[in-house]
Amino acid sequence: MITDKNNLETNQPLLLKNAFYYTESGFKLGHILALEGKIAAVYPEAELPQLSTDVLVYDVTGKYVLPGAIDTHVHVREPGWPEREDFFTGTAAALAGGITTICQMPNTQPTPHDLPSLELTRQAAKPKILCDTAVYAAAGYDNRDQLAVLAQTGICGFKTFLQFSEQHITEPQYITVQNREELRELLAASAATGLRHFFHCEDFILINRLEQAAHRAGAEDYSFHYKTRPDATELNAVQQVLHAARKTGAKVGIAHVSTVAAAAAIRRAKADGLDVTCEVCFHHLFFDDSWLDKFGPLAKCNPPLRSAANVAGLWPYLLDGTVDYIGSDHAPHLPAAKQAGREQIWLAPSGIAHIELLLPLLLQAVNEHKLTLEILTELCCVNGYKQMGLYPQKGCLAVGADADFTVVDLAKEWTVNSAAMQTKARANATLFDGLKIQGAVEAAIVRGRLLYAAGKVDYQSAGYGQLLHCHQK
Ligand code: DOR
Ligand code: ZN
């Protein structure tokens, strides 16, 4: 029985005993042995092996063992703003949420837009990461000539914000495009690399127009944020990206799809044969715009929390294969910056720091029969690795794969307490306090090491996390 003990001291073998573990043909009962970071053996239930005493035996009776989960959308704030979240606290939060691999978004300072700046991200991450980490490169019109060389470095893809409007990035030209022509040219450059190109899809021209109109009309309560970003602002931008992808042959990915209209457009594009992936972030599945009315800055993110009809309407797209994976869009900000927007919502930075709730809320949804544990596992623990070129090294419980596991308990009931969170931005997560959840992360194991168990993160293992080399096809 594991309590607060772990196997960090040595490269101690680990046996997951009585594991009800995921396979593509359903959950199976057995025992999984991890040796030197890899899955060394999977034994049938009746064949519990006799092992030497140096093996750490973790009896997971009654729990489910998933391939370690991947979060395809995480904003650690290094380099640039470690006071908001650094790689140590960001990956500690990931582990506490059962995430064993994060994909780091590139809207940092500087953006990783060429080899030297990409190296700054990697150098910041290396000594601090607790879990494994893949990195996106920033792609803007002005660094389109860098994409070919960036594509050779094992990044998990390119990321572009359509007309990014946050002022604090001093070199926005390395992560944005200004118009359709620039978008087309940029996508032609990424198409030549064969890597997937991910987009934040919001029509900022329309948003700016609506914001000015709302100010003139004095419509400045908390609903300002979502009313100036109606569904059409997402759909317009998604259509632009899909159109440019068809013209250039680029592989694209739409980040944090939040509306039924955009999901439907992506479903049609997939049916037409376009190579496009669809990510949904979990807050758009659980929280509607009434949370923004109530909590203002703390519930402010982009794209915004949407109508209850959109929240309910996204679920069928999880089940029909339109959505490829679920991310968090964990986006920590300084509490003081959030508070500065209490009177004037438009002054607050956008982003919610809640990676620790992603899997628990989805487990609760399994309990409520909104999706199956098998589909949850594909969306959170398998498909992301396939897309990023990390499968079957990860995302697969078979001999030879990395011994990454997320152990979950579907029955456990608990109550969210933001003060106990790992993220530096926990003061911004008070809106979730008191939320009762059935479904909990029991443990997170990265390449055979038990880094999170019994509510504790193993802080000693800073730097144990690896920077991943993705091999997208
Ligand atoms: O709400 C958001 N916050 N949406 C984004 O796309 C960016 C993110 C951030 O970096 O804070
Ligand atoms: Zn994001």
Side-chain angles (χ1 to χ4, degrees), residues 20 22 60 62-74 89-102 130-131 280-288 291 295 298-299 301 305 311 314-315 318 323 325-332 352-382 384 404-423 425-426 428-446 451-457:
F20 201 48
Y22 172 86
V60 288
K63 315 285 190 290
Y64 291 84
V65 176
L66 316 180
I70 178 171
D71 186 343
T72 51
H73 199 138
V74 180
T89 54
T91 55
L95 288 170
I99 309 288
T100 57
T101 296
I102 62 164
L130 291 146
C131 71
V280 165
C281 289
F282 77 100
H283 46 272
H284 293 122
L285 295 168
F286 292 100
F287 304 105
D288 64 24
W291 283 70
F295 294 103
L298 299 186
C301 59
L305 297 179
V311 171
L314 281 178
W315 284 85
L318 299 183
V323 176
Y325 32 77
I326 299 176
S328 68
D329 202 2
H330 177 80
I352 310 179
H354 54 1
I355 191 170
E356 291 159 76
L357 300 179
L358 186 164
L359 283 173
L361 282 169
L362 285 167
L363 292 168
Q364 167 150 294
V366 170
N367 282 319
E368 292 168 352
H369 308 292
K370 291 170 85 175
L371 79 171
T372 63
L373 190 59
E374 285 80 359
I375 291 180
L376 179 156
T377 307
E378 288 164 20
L379 291 170
C380 297
C381 310
V382 179
D404 296 347
F405 309 101
T406 300
V407 183
V408 302
D409 184 342
L410 268 175
K412 187 167 173 179
E413 295 181 43
W414 61 291
T415 303
V416 177
N417 170 20
S418 60
M421 287 184 176
Q422 301 292 327
T423 175
R426 65 182 75 81
N428 295 338
T430 52
L431 73 169
F432 302 116
D433 281 339
L435 210 61
K436 291 191 182 359
I437 300 181
Q438 186 179 24
V441 172
E442 200 59 26
I445 296 161
V446 180
L451 295 184
Y452 174 76
K456 294 200 177 104
V457 174

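All heavy atoms count here, side chains included; hydrogens, waters and symmetry mates do not. Just so it is clear, the model here is predicted, and its values are computed rather than measured.
In this structure, Thr406 contributes its side chain and Leu66 its backbone to no donor-acceptor pair below 3.5 Å. Side chain of His330 to backbone of Ile355: a donor-acceptor contact under 3.5 angstrom is found. Here the side chain of Thr423 pairs no donor or acceptor atom with the backbone of His354 at under 3.5 angstrom. One N or O on the side chain of Thr91 and one on the backbone of Leu130 form a donor-acceptor pair closer than 3.5 Å. In terms of modelled atom types and a separation under 3.5 Å, the side chain of Asp71 and the main chain of Ser328 share a donor-acceptor contact. With hydrogens and angles disregarded, a donor-acceptor distance shorter than 3.5 Å links the side chain of Glu356 to the backbone of Gln422.
If you take CD1 on Ile375 and OG1 on Thr372, they are separated by 4.0 Å, rounding to the nearest 0.5 Å. Distance OG1/Thr430 to CZ/Phe295: 7.5 Å, rounded to 0.5 Å. Here the straight-line distance linking atom CG of Leu363 with atom CG of Leu357 works out to 11.5 Å at 0.5 Å rounding. For the atom pair NE2 of His283 and SG of Cys301, the computed distance is 4.0 Å after rounding to the nearest 0.5 Å. Taking CG of Leu95 as the start and SG of Cys131 as the end, the distance is 5.0 Å to the nearest 0.5 Å. The distance from atom CD1 of Ile70 to atom CD1 of Ile102, rounded to the nearest 0.5 Å, is 10.0 Å.
For the pair Leu298 and Ile352, the minimum side-chain heavy-atom distance is 4.5 Å or more. Val311 places none of its side-chain heavy atoms less than 4.5 Å from the side chain of Leu314. Counting heavy atoms from C-beta outward, Trp291 and Leu431 have side chains that approach closer than 4.5 Å. Residues Leu359 and Cys380 are in side-chain contact: their nearest non-hydrogen atoms beyond the backbone lie under 4.5 Å apart. Counting heavy atoms from C-beta outward, Val74 and Ile99 have side chains that stay 4.5 Å or more apart. Residues Tyr22 and Pro67 are in side-chain contact: their nearest non-hydrogen atoms beyond the backbone lie under 4.5 Å apart. Looking at heavy atoms from C-beta onward, Tyr64 lies out of side-chain contact with Val407 at the 4.5 angstrom threshold. Annotation: side chain of Phe432 is not in contact with side chain of Ser418 (no heavy-atom distance under 4.5 Å).
Note: Trp315 and Phe286 have perpendicular aromatic rings, judged against thresholds of 30 and 60 degrees for the angle between ring planes.
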**Request:** Start with the C-alpha gap between Val416 and Met421, add the side-chain angles, then the distance that decides, and say whether side-chain contact (heavy atoms from CB on, under 4.5 Å) holds.
**Result:** CA-CA 9 Å; Val416 177; Met421 287 184 176; 4.0 Å; yes
**Request:** Just do the side-chain contact (heavy atoms from CB on, under 4.5 Å) check on Ile326 and Leu376 with the steps written out, would you?
**Result:** CA-CA 9 Å; Ile326 299 176; Leu376 179 156; over 6 Å; no
**Request:** Under the side-chain contact (heavy atoms from CB on, under 4.5 Å) rule, what do Gln364 and Leu410 come out as? Steps first, then yes or no, please.
**Result:** CA-CA 7 Å; Gln364 167 150 294; Leu410 268 175; over 6 Å; no
**Message:** Before you tell me yes or no, could you show the steps for Leu358 and Leu362 under side-chain contact (heavy atoms from CB on, under 4.5 Å), namely the whole-Å CA-CA distance, both residues' side-chain angles and the distance that decides it to 0.1 Å?
**Reply:** CA-CA 6 Å; Leu358 186 164; Leu362 285 167; 3.6 Å; yes
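Within 6.0 Å of atom NZ in Lys412, 12 or fewer heavy atoms from other residues, nucleotides or ligands are found, so the atom counts as exposed in its surroundings. Atom CZ of Phe287 has more than 12 neighbouring heavy atoms from other residues, nucleotides or ligands inside a 6.0 Å radius.
In plain terms, the two heavy atoms of Ala419 and Arg426 that are nearest each other are O-CD, 3.5 Å. The shortest heavy-atom contact between Ala92 and Val457 is O-CG2, 3.8 Å. In this structure, Leu305 and Ala299 approach most closely via the heavy-atom pair CD1-O, 3.7 Å.
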Check residues 435-446 and write down every donor-acceptor pair under 3.5 Å in which the side-chain atom is one partner and the other belongs to a residue at least two apart or another chain.
unit_1, atom_1, unit_2, atom_2, d
Gln438, NE2, Ala411, O, 3.2

